[in-house]
Amino acid sequence: MTDERPEHIGSFDYIIVGAGSAGCVLANRLSADPMKRVLLLEAGGRDSYFWIHVPVGYLYTMNNKRTDWCFKTAPSEGLNGRALAYPRGRVLGGCSSINGMIYMRGQARDYDQWRQLGNVGWGWDDVLPLFRKSEDHYKGGDDLHGSGGEWHVDSQRLSWPILDAFRDAAIEVGIPLTDDFNRGDNEGVGYFEVNQKGGWRWSTANAFLHPVADRRNLTVLTHAQTDGLIMDGRRAKGVAFRQNGQAKTASVLGELILATGAIGSPHLLQLSGIGPGALLQDNGIDVVHDLPGVGENLQDHLQIRTVYKVENTVTLNQKANSLIGKAGMALEYALRRTGPLSMAPSQLGAFAKSDPSMETANLEYHVQPLSTDKLGDPLHKFPAITASVCNLRPASRGYVRMTSPTPTDAPEIQPNYLAEPVDRQVAADAIKLTRRILAASPMQPFRPSEMLPGPEIQSDEQLAKAAGDIASTIFHPVGTCKMGHDERAVVDDRLRVHGIERLRVADASIMPTITSGNTNSPTIMIAEKAAEMIVADA
């Protein structure tokens with residue numbers, strides 16, 4: 001057997017690993033200087049699959065190896081021994097090509113807390129201009145929203161009477177009405193705004209990458225999985241990758257930027273000898289730099305899927321289980337780009353406090369006019385709704401750890417959901433608040449009847465255990481290469497990996513604490529800020 005000699009494809013000023021939500025932004029911004037050569041590597045393929053672009057197509061892109069890494073978590077004690085499917089985008093656009101399309105920034109306090117932790121330049125007033133820079137809001141720009149940017153924000157193109165009733169019920173129990181979740185304090189109830197354009201999904205590949213794909217200084221390689229970083233001592237020198245099975249290398253003259261997300265970035269660092277020394281040695285990896293925080297501090301939003309049967313109304317359950325209903329939905333979308341095929345997985349949102357003592361809203365609802373026994377199962381044949389609710393600021397922390405030196409072997413993903421007593425209390429309180437909303441007068445014409453977790457479950461202890469039975473991820477992993485200056489920090493506040501030259505991480509993994517809402521647009525903001533810092537430091 002002869003050693004395979006990798007093909008060296010050349011030298012680049014910047015190499016970006018991962019063409020997802022962050023990578024597409026970085027490729028756009030860093031290649032804007034025609035004198036800089038930029039290489040963008042994506043393990044997945046091009047985003048030509050039809051179901052990427054139809055909003056309801058998330059049903060066909062998650063758990064599909066064409067577009068998803070198809071990770072699974074380790075069994076979790078807080079989920080009563082269950083493991084979960086853990087979708088992550090594996091295609092141009094990354095998670096923005098398969099996600100729920102909700103435009104959400106989080107709360108001002110999230111970013112002010114990052115700054116209070118010692119991360120200079122990351123407060124709300126620092127990051128707001130970056131959100132506005134890339135935004136193209138359908139209502140136009142103002143002091144808090146941008147217009148003319150690449151990241152299009154649209155209103156949804158449908159409504160449901162049952163969701164209007166849930167909204168009115170939430171108002172009755174004290175959650176205020178809002179028409180904008182993105183002005184710094186997202187408490188309230190209303191329809192989500194979405195990253196769509198004309199009824200189509202609007203991914204970061206659509207927004208940032210395709211418009212600049214013909215730049216002569218930008219090279220985009222798909223089906224190119226990075227095996228590891230090439231190091232010269234503690235200096236990043238290039239990457240080793242396989243494209244369609246062929247071994248290749250590329251050298252970096254300026255900086256190497258990891259943008260492979262909260263699972264991919266720590267795993268790639270560990271494969272490259274940067275991470276907890278004992279873990280690396282146990283897996284036969286030579287330690288380049290013992291950095292104990294790599295892969296630790298995993299945070300995610302766990303959604304508790306409460307399900308209620310309803311009467312006297314139509315939900316997606318009936319439409320999707322009827323040939324006439326399916327034909328009608330297809331025709332409506334074909335003619336007007338409206339209706340259920342244009343819908344995000346969750347249409348109505350609410351942000352509320354699980355306890356009045358909370359400083360700001362700590363719960364997020366994703367309310368859907370549909371129901372299943374569990375995610376991925378067929379829709380029920382009877383009318384029902386799902387009111388998913390998640391703890392926005394979980395105290396529980398998990399990890400991502402390599403399991404072998406083979407790059408294609410998935411890491412162990414352990415979110416440790418509901419490990420902390422405070423998270424179990426918030427879960428119980430969240431279910432109780434949901435019951436109050438469903439018992440309010442605007443819902444009564446629809447005679448809601450609780451299916452999950454079930455009205456017989458009453459004590460806080462029972463509710464927390466039931467949450468572990470019915471909850472699932474809402475796909476927001478962050479924090480595994482956290483920004484900071486403590487012993488568990490992986491990058492500094494300019495996103496440079498501690499102790500390593502010419503290497504940065506710019507994706508959701510750098511969040512020291514999870515944002516209070518959906519994490520895709522904050523990841524785009526992180527990439528915008530990273531690009532500005534990289535250019536400034538050059």
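What you are looking at is a predicted structure, and each value in this text was computed from that prediction instead of being measured.
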Residues [X] and [Y]: side-chain donor-acceptor under 3.5 angstrom:
{"X": "Asn416", "Y": "Ser396", "answer": "no"}
{"X": "Thr315", "Y": "Trp160", "answer": "no"}
{"X": "Ser371", "Y": "Thr386", "answer": "no"}
{"X": "Gln107", "Y": "Asp185", "answer": "no"}
{"X": "Asp179", "Y": "Tyr191", "answer": "no"}
{"X": "Tyr308", "Y": "Glu450", "answer": "yes"}
{"X": "Thr523", "Y": "Asp507", "answer": "no"}
{"X": "His152", "Y": "Asp136", "answer": "yes"}
{"X": "Gln368", "Y": "His366", "answer": "no"}
{"X": "Asn518", "Y": "His301", "answer": "no"}
{"X": "Arg305", "Y": "Ser472", "answer": "no"}
{"X": "Tyr399", "Y": "Glu412", "answer": "yes"}
{"X": "Ser96", "Y": "Thr204", "answer": "yes"}

Centroid-centroid distance, Phe192 to Phe181, less than 6.0 Å: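 For Phe192 and Phe181, the ring centres are under 6.0 Å apart.
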NZ (Lys465) with more than 12 external heavy atoms under 6.0 Å: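 Not more than 12 within 6.0 Å, no.
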Using the salt bridge (charged side-chain N to carboxylate O under 4.0 Å, His left out) criterion, which residues pair with Arg29? Sequence neighbours excluded.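 Arg29: salt bridge (charged side-chain N to carboxylate O under 4.0 Å, His left out) contacts with Glu150, Glu528.
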Between Ala531 and Leu26, what is the shortest heavy-atom contact and its length?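 So the two residues come closest at N-CD2, 4.0 Å.
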Are any non-hydrogen side-chain atoms of [X] and [Y] less than 4.5 angstrom apart?
{"X": "Val153", "Y": "Val194", "result": "no"}
{"X": "Asn362", "Y": "Val426", "result": "yes"}
{"X": "Pro522", "Y": "Tyr111", "result": "yes"}

Atom pair [atom1]/[atom2] of [X] and [Y] - distance to nearest 0.5 Å:
{"X": "Leu258", "Y": "Ile510", "atom1": "CG", "atom2": "CD1", "answer": "13.0 Å"}
{"X": "Ser521", "Y": "Trp151", "atom1": "OG", "atom2": "CH2", "answer": "5.5 Å"}
{"X": "Ile413", "Y": "Leu298", "atom1": "CD1", "atom2": "CG", "answer": "8.0 Å"}

Between Arg183 and Asp142 (salt bridge meaning N to carboxylate O under 4.0 Å), is one present in this structure?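 Here Arg183 pairs with Asp142 in a salt bridge, since their nearest N and O are under 4.0 Å apart.
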Pair Asp492 + Arg504: basic N to acidic O under 4.0 Å: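 No, Asp492 and Arg504 are not salt-bridged.
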Using the salt bridge (Lys or Arg N to Asp or Glu O under 4.0 Å) rule, collect all pairs that involve residues 101-112, keeping only residues at least two apart or in two chains.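 Only Arg105-Glu135, Arg109-Glu359, Asp112-Arg115 qualify under salt bridge (Lys or Arg N to Asp or Glu O under 4.0 Å).
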Once side chain to side chain donor-acceptor pair (under 3.5 Å) is applied, do any residues pair with His498, and if so which ones, sequence neighbours excluded?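 Scan of His498 (side chain to side chain donor-acceptor pair (under 3.5 Å), adjacent residues dropped) gives none.
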Which residue in the set Asn195, Asn99, Asp47, Asn206 passes side chain to side chain donor-acceptor pair (under 3.5 Å) when paired with Arg201?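 So the option named by the test is Asn99.
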